[in-house]
Amino acid sequence: MSYSFQIKDAAGYQSAYKKSVSDPEGFWGDVASSFYWRKKWDKVLDWNFKEPNIKWFVNGKLNITENCLDRHLGTLGNRPAIIWEPNDPEEHHRVITYRDLYNKVSQFANVLKNNGVKKGDRVCIYMGMIPELAIAVLACARIGAIHSVVFGGFSAQSIADRLYDANAEYIITCDGAFRGNKDIPLKSVIDDALVGCRFVKKVIVATRTRTPVSMLKGRDVWWEDEIKKVETMGNPDCPAEEMDAEDPLFILYTSGSTGKPKGVVHSCAGYMVYTTYSFVNVFQYQPGDIHFCTADIGWITGHSYIVYGPLAAGATTLMFEGVPTWPDAGRFWDIIDKYKVNILYTAPTAIRSLMGFGLGPVQGHDLSSLKVLGTVGEPINEEAWHWYDEHIGKKRCPIVDTWWQTETGGVLISNMAGITPGKPAHATLPLPGVQPVLVDEKGVELEGNGVSGNLCIKHPWPSILRTTYGDHERCRVNYFATYENMYFTGDGALRDEEGNYRITGRVDDVLNVSGHRIGTAEVENAINMHAGVVESAVVGYPHDIKGQGIYAYVVFGQMHGDEALTRQDILQTVTRVIGPIAKPDKIQFVSGLPKTRSGKIMRRILRKVAEGETENLGDTSTLLDPGVVEEIKNGKI
Ligand code: WT7
């Protein structure tokens, strides 16, 4: 497969960028023409950011799975679509060709239909990283059901909240999942989540760990049994549902500055066009390359750059079930050597954690197949960038530092491997089609280079979020109301003298822990669920490996046991309410929080103390009780 929209050199980047700004509709119309449409669009774009109301490829008809599967069968049918590496290196890996994947997706799509799933229904997917997860996602897309993948680390309570919010009546899960030396009982977590969710009609359970599970009669069915049923029905195909360009493809929940996660909605056509376009251009994918994105499909990175982008491009995507440090810290390097991986896309957190093991685990592995390295999810510090460059890329591989968000669907700002230059700790330049701007507090655009401000985007791109599920007003207020006629990212950034962007981090109350977004309000709500807690305030602090760590100040009522035990109880509560990813790294018990006379918590002070700053805390004169600041400083952990 060749890609008409692949940019080939720096001049090509410049001219594509210019065209994308002067004639966005012409630009995206050309890109979209290389996909398979049941019916072509009438108009490329219709939009306003006021409501917002954004429509790409108006009245176009398609199915994304025909683009990811059917159209490749003639040319790539016997080529590997997915290479699956299990958690345990002793277990056999799997290679799934495009033909196999087409068959499996069709079969499982028929299973979904047999179980009553229809176009527009929401299906929650809570699985480990096995090929059946990708198959489940694609099978939903095949029949037009809206998938909502929930990362396997979230708790029963988090799943229940998401099921309610989306009114999801169907669930696809596994008995359990392997992750390093752990065996996570996914079905049992689902059972806990469903105690209060009577509206769930069917739970389809795939076998992976053989952990004992309880199957509720009439509601729970085994994946394998259901496949047997459709096999005996004869026709193995499942015709793809014809979808409107703007029909929702999936919901993915992400944290914001309030306590309740938002269901970000992406639509069929725009998401397909942009993920494929960005995949091919950022990584400079060449036919035959093996692409290894180490994310979990439970996050947007996995949706866009393990499943949809690579498959629509006819690429070979490597899916890894395990973790970077088990059985040892050479796991990634083993995999690269074993499959001759060409593109490695991972998170700065993983790089920093692997750096900590020294060069021993890297040595003895042949990494010469690597051509392109990528990072995503958080700012990469220069030390980690150089380690990645020297010891993994051996100074031969461009590193793409890709900035984007769950809401953007695909990479918006990044260098393009070998086409535009990288710069340590900088995401660099926008992709053609993306128009970033920096604004000051008042929303005034900051022109020229060498400035810093809040990062906004002033024109839509095809994979921009369309709404937040069930609450369009929330979408408007969150992203489109802060600054008029702009999408506000929630990030701060600076633009250097050459026009390169450097993302400096969130400017709202959202933390980025190991590349995962966590709202401080969400963690506070979880901590406050503990019976003994009066109130709490959560802030981030710099963490060597995670990027940001979670620091919680907790006002506790009556301390019965010792502090250490109470801390454990609070951690347990957070694990129950959200999941282990939201557990605070530090808990400091305080007798009160620094509040203004109007009752607002002065987080600035808490942040400074957590960062280790005790001298310049700024103006504390408006505090109700300046005395608590002394106590907080003295009790710092
Ligand atoms: C937030 C989005 C994008 C998929 C994974 C995270 C931060 C993301 C970078 C980068 C600096 C980055 C931003 C953004 N972020 N990529 N290359 N450099 N910061 O998706 O959970 O939606 O989080 O991650 O703060 O807003 P997400």
Side-chain angles (χ1 to χ4, degrees), residues 149-151 153-154 251-257 261-266 271 274-275 278-279 282 293-309 345-352 373-382 384-385 388 399-416 422-431 434 436 452 454-457 463-465 468 478-479 482 487-494 500-520 522 540 546-548 581-582:
V149 183
V150 177
F151 172 63
F154 279 112
I251 306 172
L252 188 58
Y253 285 86
T254 189
S255 295
S257 42
K262 299 173 280 209
V264 168
V265 177
H266 282 289
Y271 178 82
Y274 196 84
T275 52
S278 54
F279 170 72
V282 170
C293 166
T294 70
D296 190 290
I297 293 177
W299 308 108
I300 191 70
T301 310
H303 282 60
S304 301
Y305 300 113
I306 295 178
V307 183
Y308 287 114
Y345 190 31
T346 194
T349 292
I351 299 168
R352 287 191 297 262
L373 302 177
T375 71
V376 58
E378 50 180 319
I380 180 163
N381 48 312
E382 295 208 16
W385 194 98
Y388 201 28
I399 299 177
V400 290
D401 177 348
T402 64
W403 174 84
W404 55 299
Q405 311 178 294
T406 304
E407 295 85 343
T408 71
V411 175
L412 295 195
I413 305 181
S414 172
N415 49 316
M416 291 184 182
K423 178 174 177 183
H426 289 67
T428 75
L429 301 174
L431 267 63
V434 176
S452 67
N454 289 344
L455 179 63
C456 295
I457 317 283
S463 62
I464 186 173
L465 87 163
T468 45
N478 251 285
Y479 306 104
T482 317
Y487 165 81
F488 176 42
T489 65
D491 279 330
L494 50 89
N500 293 307
Y501 287 86
R502 175 184 192 141
I503 313 300
T504 46
R506 303 289 305 190
V507 295
D508 51 11
D509 288 324
V510 175
L511 306 181
N512 191 325
V513 180
S514 302
H516 301 311
R517 240 156 94 175
I518 300 173
T520 52
E522 253 178 281
K546 299 181 180 183
Q548 266 189 316
I581 50 170

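Numbering of ligands and ligand atoms starts at 1, following listing order. A quick note: this is a predicted structure, and the numbers were derived from the prediction, not measured.
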Could you find the nearest protein heavy atom to [atom] and give me its residue, atom name and distance?
{"atom": "atom 16 (N) of ligand 1", "value": "G377 N, 3.2 Å"}
{"atom": "atom 11 (C) of ligand 1", "value": "P379 N, 3.1 Å"}
{"atom": "atom 22 (O) of ligand 1", "value": "T406 OG1, 2.6 Å"}
{"atom": "atom 2 (C) of ligand 1", "value": "W404 O, 3.6 Å"}
{"atom": "atom 25 (O) of ligand 1", "value": "D491 OD1, 2.7 Å"}
{"atom": "atom 21 (O) of ligand 1", "value": "R517 CD, 3.4 Å"}

E407: what forms a salt bridge (Lys or Arg N to Asp or Glu O under 4.0 Å) with it, not counting sequence neighbours?
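E407 satisfies salt bridge (Lys or Arg N to Asp or Glu O under 4.0 Å) with R517 once adjacent residues are dropped.
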Proximal candidate to atom 17 (N) of ligand 1 [heavy atom criterion; set I380, D401, N512]:
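Closest candidate by heavy-atom distance is D401.
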Those atoms of ligand 1 less than 4.0 Å from some heavy atom in I503
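Within the 4.0 Å cut-off of I503, ligand 1 contributes 11 (C), 19 (N).
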Should you measure from each heavy atom of I300, which atoms of ligand 1 turn up under 4.0 Å away?
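Selected atoms, number and element: 4 (C).
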Residue-level breakdown please: for [X] versus ligand 1, do any non-hydrogen atoms fall below 4.0 Å on the side chain, on the backbone, on both, or on neither?
{"X": "E378", "value": "backbone"}
{"X": "T408", "value": "neither"}
{"X": "T375", "value": "neither"}

Return yes or no for this condition: an N or O of [X] is under 3.5 Å from an N or O of ligand 1.
{"X": "T489", "result": "no"}
{"X": "T402", "result": "yes"}
{"X": "T301", "result": "no"}
{"X": "E407", "result": "no"}
{"X": "G505", "result": "no"}

Is it the case that the side chain of H303 and the backbone of I297 share a donor-acceptor pair, with hydrogens and angles ignored and the cut-off at 3.5 Å?
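It does hold such a pair.
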Over 60° means perpendicular and under 30° means parallel, so classify the ring planes of W404 and Y305, tilted if in between.
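Rings of Y305 and W404: perpendicular, over 60°.
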With H266, the ring pair (Phe, Tyr, Trp, His ring centres under 6.0 Å) member among Y274, Y271, Y308:
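Of the listed residues Y274, Y271, Y308, the ring pair (Phe, Tyr, Trp, His ring centres under 6.0 Å) partner of H266 is Y271.
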Would you call A427 a ligand 1 contact, heavy-atom distance under 4.0 Å?
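A427: no contact with ligand 1 (<4.0 Å).
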Using a 4.5 Å cut-off on heavy atoms from C-beta on, say whether the side chain of [Y] contacts that of [X].
{"X": "C293", "Y": "T301", "result": "yes"}
{"X": "I351", "Y": "T375", "result": "yes"}
{"X": "D491", "Y": "W403", "result": "yes"}
{"X": "F154", "Y": "I581", "result": "yes"}

Can you find a side-chain donor-acceptor pair between W385 and D401 that sits under 3.5 Å?
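On atom types as modelled, these side chains do not qualify, holding no pair under 3.5 Å.
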With T294, which residues qualify under side-chain contact (heavy atoms from CB on, under 4.5 Å), at least two apart?
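Partners of T294 under the side-chain contact (heavy atoms from CB on, under 4.5 Å) test: F292, F332, L344, T346.
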Qualifying residue for salt bridge (Lys or Arg N to Asp or Glu O under 4.0 Å) with E378, from R506, R352, K546:
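When R506, R352, K546 are each tested with E378, the salt bridge (Lys or Arg N to Asp or Glu O under 4.0 Å) holds only for R352.
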